[in-house]
2 protein chains.
Amino acid sequence: MDTNDLPGNVLDPNCPSRVVFQRIGDKWASLVIQVLGDGPVRFSELRKMVNVVTPKVLTQTLRALERDGLITRTVYAQVPPRVEYELTALGESLLQPLTMLRQWAESHVPTILEARDAYDDAQDEALLRSPN
Amino acid sequence: MDTNDLPGNVLDPNCPSRVVFQRIGDKWASLVIQVLGDGPVRFSELRKMVNVVTPKVLTQTLRALERDGLITRTVYAQVPPRVEYELTALGESLLQPLTMLRQWAESHVPTILEARDAYDDAQDEALLRSPN
DNA sequence: CAGTATCCCTCGAGATACTG
DNA sequence: CAGTATCTCGAGGGATACTG
């Protein structure tokens, strides 16, 4: 890694800081993190809360988060098996920026949706004027 | 939109607030936004700064951002053509949470990288102990 | 319960070439 | 200069079925 620490390196798609953005954009990862923000959750609970994700995909997501040191996986030796996932300190520290983002989202999404409608309408109109 | 405004709706993958997370995670969108944070930029400049993205992909990205009302596209009628992209007020307001995220990333990515190494090493070791 | 093992299949990024 | 038009290819998400 020979990239310097200037803010400019965010422009490099290979900059390691991109991994964070990738996780945020991941379909399930950010959801899982938010859920775990309230405390440890079991695999099957997670599946339900996060709205019927397939076990394979959920496992992939959880493994990735565990690998990044954002969550821990604890197996309780008992039958039936019981596995709990929990945020690490690192994971919890991500909660803050995540919340900020969510707040921005909640307050601005209506505007975005309006912008989309307006854009799409303008598109349609343009099509009507110059039919191909 | 019949979803309530409880924080819990973030768990719904169809929740509109997800569009924000998608943009953040988009390979180029967040980069473009950060670049435009310093002022209007032309298409070709954008291409260079963002590290040789193909014109098709850059166009897609820009159109999406424009549709969401995050940037504007201004065509100057002259030869050769000149098109500038610029953040809207909405787009600028996104700069703040984006910066927070970037700061988190810059200060925690080393930890994440270490966690990955540790995880991968543990995996390798486990493989050695129980060869398939 | 908490996964793993397969197969499928779409979608998005990239390469390449062409145009107003 | 600022795009558009095709094609390809691989990764990731999902469905389904099976296991310790």
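Side chains are part of it too, since the values below use all heavy atoms of this structure and drop only hydrogens, waters and symmetry mates. Just so it is clear, the structure is predicted and the values come from calculations on it, not from any experiment. To find a chain, count down the sequence lines: A is the first, B the second, and so on, and within it residues start at 1.
- Nucleotide D:dG3 holds its C1' atom 16 Å from the CD atom of B:Glu45, rounded to whole Å.
- Ranked by how close their nearest DNA chain D nucleotide is to the 5' end, B:Glu84 and A:Thr54 are led by B:Glu84.
- Rounded to an integer number of Å, the gap from CD of A:Gln60 to C1' of D:dG13 is 8 Å.
- Distance, A:Phe43 CZ to C:dA2 P: 8 Å, rounded to whole Å.
- In this structure, of C:dG3, D:dG3, D:dG14, it is D:dG14 that holds the atom nearest to the side chain of A:Trp28.
- If you check every strand for non-hydrogen atoms under 4.0 Å, A:Arg82 touches sugar and phosphate atoms only.
- The shortest distance between side-chain heavy atoms of A:Asp120 and B:Arg67 falls below 4.5 Å.
- D:dC1 atom C1' lies 11 Å from atom CZ of B:Arg47, rounded to whole Å.
- You'll find that the side chain of A:Pro55 is closest to C:dT4, out of D:dG13, C:dC1, C:dT4.
- Atoms CG (A:Leu58) and C1' (D:dG14) sit 13 Å apart, rounded to a whole Å.
- Listed nucleotides D:dG3, C:dT4, C:dA13 differ in distance to B:Arg63; the shortest reach to its side chain belongs to D:dG3.
- One finds a side-chain N or O of A:Arg73 lying less than 4.0 angstrom from the OP1 or OP2 phosphate oxygen of C:dG3.
- For the pair B:Arg116 and B:Tyr119, the NZ or CZ position fails the cation-pi test of under 6.0 Å to the six-membered ring centre and within 45 degrees of the ring normal.
- Connection of A:Val35 to A:Met100 is not established within any shared hydrophobic cluster, with ILVMFWY side chains joined at heavy-atom distances below 4.5 Å, either directly or through further cluster members.
- Between the CG atom of B:Leu62 and the P atom of C:dG12 there is a distance of 16 Å, given to the nearest Å.
- Ranked by how close their nearest DNA chain D nucleotide is to the 5' end, B:Thr59 and B:Arg42 are led by B:Arg42.
- With distances taken from any side-chain atom of B:Val57 to the nucleotides C:dG14, C:dA2, D:dT4, the minimum falls on C:dG14.
- Atom CD of A:Gln78 and atom P of C:dG3 are 13 Å apart (whole Å).
- Closest approach of A:Val83 to A:Arg73, counting heavy atoms only: CG1-CG, 3.8 Å.
- For B:Lys56 and C:dG14, a side-chain-to-base donor-acceptor distance below 3.5 Å is present, hydrogens and geometry of angles not being considered.
- Both B:Val75 and B:Leu62 sit in one connected hydrophobic cluster of ILVMFWY residues. Membership requires side-chain heavy atoms under 4.5 Å apart, directly or through other members.
- Counting non-hydrogen atoms under 4.0 angstrom, B:Tyr76 reaches nothing in the nucleic acid.
- Distance, B:Lys27 NZ to C:dC11 C1': 14 Å, rounded to whole Å.
- Nucleotide D:dG20 has C:dC1 as its partner under the Watson-Crick or G-U criteria, with both atom distances under 3.5 Å.
- Residue A:Ser44 places its side chain closer to C:dA2 than to any other of C:dG14, D:dG14, C:dA2.
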